[in-house]
J.: 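For reference, the structure I am asking about is given below.
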There are 2 protein chains.
Amino acid sequence: MGLREPVILPHLQDCGSCTIRHRAVCARCDSDELARLEQMKYYRSFEAGQTVIWSGDRMDFVASVVSGIATLSQTMEDGRRQMVGLLLPSDFVGRPGRSTAAYDVTATTDLLMCCFRKKPFEELILSTPHISQRLLEMTLDELDAAREWMLLLGRKTAREKIASLLAIIARRDVSLNPRKSGPIVFDLPLTREEMADYLGLTLETVSRQVSALKRDGVISLEGKRHVTVNDFDRLLEVAGDDSDGGYPV
Amino acid sequence: MGLREPVILPHLQDCGSCTIRHRAVCARCDSDELARLEQMKYYRSFEAGQTVIWSGDRMDFVASVVSGIATLSQTMEDGRRQMVGLLLPSDFVGRPGRSTAAYDVTATTDLLMCCFRKKPFEELILSTPHISQRLLEMTLDELDAAREWMLLLGRKTAREKIASLLAIIARRDVSLNPRKSGPIVFDLPLTREEMADYLGLTLETVSRQVSALKRDGVISLEGKRHVTVNDFDRLLEVAGDDSDGGYPV
DNA sequence: GCCCTGCCTTGATGCAGATCAAATGGGAAC
DNA sequence: GTTCCCATTTGATCTGCATCAAGGCAGGGC
């Protein structure tokens, strides 16, 4: 036993996930294990708006996002909805040891996922410690993100919430496409309603606060989705974040 | 290699944690590993109200709660506070691979913790796969709890929030001290202000809504802390929970 | 007994954000 | 081009909770 040479799993090479944000199932495995993982993987694609799985449905796979964006959400009987997670490329979904989905998973954009049937994946975990160590690391990151979000949902004003969301998207965008300097520019991957469901607001309030940030010169808008962050520090300030306290996703 | 006989770790026998809610670091280890864990453990106790560690402080240990209750919270510069977690006996705190605390940890009641220095614990994890598998399971539970709480913070009314909190405490109480039937009775382990910080409310609103639930006959109060849940189903209904959708802590 | 201190309740008022409603604008189909 | 469809914006009003402000009450020290 002992540690082996670090190897990038083949599905990650194929998918390009591991390089993106170092969050995928990137373990140190021997070639047998690599081969087993490789054999059990398969792809599923979804169109924007499609539901991947409903909360409570039988879920016999785990998966990582290859491209596109998916959301995790919960809905109350009367229709109130709260998004509880955003799945970006390389993010993992599904829980070893649980047979039904705990949340609605929805494709926000066109989505490609790399799936593994749950049973053999669980067996692989048992015999391959690095995978569960990697999964633990990822899950702890998600937990931090969820707790950061609890502060936002429980204590921030609408204006702060919007600024926080924009800051997160901007920060992620910068880390994906590093720029030397100048304003950060990106397209919002979410509708106003999706933003509202994420932030615990109504879509009208989201719209108003986005307009207010624009009016105040913190951001500029071209159309409804194309955002320019004129001054990132100012945005962080409005967000009420501790200086530079990075949101860990 | 392969699986070994299941063994309860000695610190868990000592602490009684593992039996309480099956959430401690209860792995299948061989006797060498048991001995190593046993050697590195030590205890720390705190009085009610004391701070265990501040967010940002160096944290060179991980720990599990033996007895008492601790809270995890985040605070904004201007003093707004949000509790992001409740640590009950057998809950684990600390993160392998991170050197500073991410949250304020505070003893709500008198508290006894069973600690392990982080460095040797991390080494043990590397060589003992069952531990990280167990930690993964626990972390996934915590993540589910955090997401459940996001729905509460983002979308529930004050009345629903209070009922949800009472339902969680009542449910935990029942699982600790199973009763044949009749009303559920317990003492609130939190002040009104702590409840408010957990629920994203003010203490005045908490007080008013508790009084309202009492007035409506959903609960009875004796003094300020001693609660009787007259009708648990009614409480769940007020909480807006899907019928019996258990909060996974 | 006294007072003091912490925790809690209750009341009055104000406001941020929800709700209800209507108008605008841009893209796709034709 | 025109029309339709939706996402979005904007306006008017309402309301749940925060805020500000007084008490009430139980426990501990003296």
J.: With DNA chain C as reference, determine whether A/Arg208 or B/Glu204 sits nearer its 5' end, using the nearest nucleotide of each.
T.: B/Glu204

J.: Check whether A/Arg58 reaches the backbone of A/Thr100 with its side chain - one donor and one acceptor, N or O, closer than 3.5 Å.
T.: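 Side chain of A/Arg58 to backbone of A/Thr100: no pair is present.
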
J.: What integer distance in Å separates A/Lys161:NZ from C/dA16:C1'?
T.: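 A/Lys161 atom NZ is separated from C/dA16 atom C1' by 11 Å.
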
J.: Between P on C/dT19 and CG on A/Leu201, what's the gap in Å once rounded to a whole number?
T.: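 Result: 11 Å.
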
J.: Ignoring hydrogens and angles, tell me if any N or O in the side chain of B/Lys161 forms a donor-acceptor pair with the backbone of B/Ala196 under 3.5 Å.
T.: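 Here the side-chain-to-backbone pair does not exist.
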
J.: Tell me the interatomic distance from B/Gln209, atom CD, to C/dT10, atom P, rounded to whole angstroms.
T.: 12 Å

J.: Under a 3.5 Å threshold, yes or no: a donor from one side chain and an acceptor from the other, between A/Ser164 and A/Lys156?
T.: yes

J.: For B/Val206 and A/Glu193, take the nucleotide of DNA chain D holding the closest heavy atom to each; which residue's nucleotide lies nearer the 5' end?
T.: A/Glu193

J.: If you assign each of A/Gly200 and A/Lys224 to its closest nucleotide in DNA chain C, which residue comes earlier from the 5' end?
T.: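 Its nearest nucleotide being more 5', the pick is A/Gly200.
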
J.: Out of D/dT19, C/dT9, D/dT8, which nucleotide sits closest to the side chain of A/Arg192?
T.: D/dT8

J.: I need the CE-P distance between B/Met195 and C/dC7, as an integer number of Å.
T.: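 Rounded to the whole Å, the gap is 15 Å.
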
J.: Does B/Thr205 make a side-chain N or O approach to OP1 or OP2 of D/dA18 shorter than 4.0 Å?
T.: yes

J.: Does NZ or CZ of A/Arg171 come closer than 6.0 Å to the centre of the six-membered ring of A/Phe232, within 45° of the ring's axis?
T.: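 The answer is no, since A/Arg171 fails at least one limit relative to A/Phe232.
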
J.: May I have the distance from A/Arg80 (atom CZ) to C/dA18 (atom P), rounded to whole angstrom?
T.: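 It is 13 Å, rounded to the nearest whole Å.
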
J.: Measure from CG on A/Asp187 to P on C/dG26 and round the result to the nearest Å.
T.: 16 Å

J.: Using five pairs at each end of the helix from C/dG1-D/dC30 to C/dC30-D/dG1 to define an axis, what is the angle between those two axes, to 10°?
T.: 40°

J.: What's B/Arg225 touching, base or sugar-phosphate or nothing? Going by heavy atoms closer than 4.0 Å.
T.: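 Sugar-phosphate only.
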
J.: Just wondering, are more than 12 heavy atoms of other shown residues or ligands nearer than 6.0 Å to CD in A/Glu193?
T.: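 No, because the 6.0 Å sphere around CD of A/Glu193 holds 12 heavy atoms or fewer from other groups.
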
J.: Kindly state whether the ring of A/Tyr103 and the ring of A/Trp54 have centres lying under 6.0 angstrom apart.
T.: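 No: the rings miss the under 6.0 Å criterion.
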
J.: What is the nucleic acid contact for B/Arg159, judged by heavy atoms within less than 4.0 Å: base, sugar-phosphate only, or nothing?
T.: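 Counting heavy atoms under 4.0 Å across all strands, no contact is made by B/Arg159.
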
J.: Rounded to the Å, how far apart are B/Lys156 NZ and C/dA18 P?
T.: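 Atom NZ in B/Lys156 sits about 18 Å away from atom P in C/dA18.
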
J.: Please answer whether the main-chain N or O of B/Arg81 pairs with a side-chain N or O of A/Arg155 as donor and acceptor at a distance below 3.5 Å.
T.: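 Checked: pair present.
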
J.: Report which part of the nucleic acid A/Ser207 touches: base, sugar-phosphate, or nothing (heavy-atom distance under 4.0 Å, all strands).
T.: base

J.: Checking side-chain polar atoms at under 3.5 Å, does B/Ser220 have a donor or acceptor matched by the opposite partner on B/Asn230?
T.: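 Checked: B/Ser220/B/Asn230 side chains pair up, N/O donor to acceptor below 3.5 Å.
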
J.: Looking at the side chain of B/Leu203, which of C/dT9, C/dG17, D/dC17 is the nearest nucleotide?
T.: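 Nearest to the side-chain atoms of B/Leu203, counting from C-beta on, is C/dT9.
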
J.: Please tell me which of the listed nucleotides, D/dA18, C/dG17, C/dC8, lies nearest to the side chain of A/Ala158?
T.: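 Shortest atom-to-atom distance from the side chain points to C/dG17.
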
J.: Contact class for B/Thr191 vs. all strands (heavy atom < 4.0 Å): base, sugar-phosphate, or nothing?
T.: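 Result for B/Thr191 = sugar-phosphate.
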
J.: Distance check needed: D/dC17 P versus A/Arg155 CZ, whole Å only.
T.: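 One finds 13 Å between P of D/dC17 and CZ of A/Arg155, rounded.
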
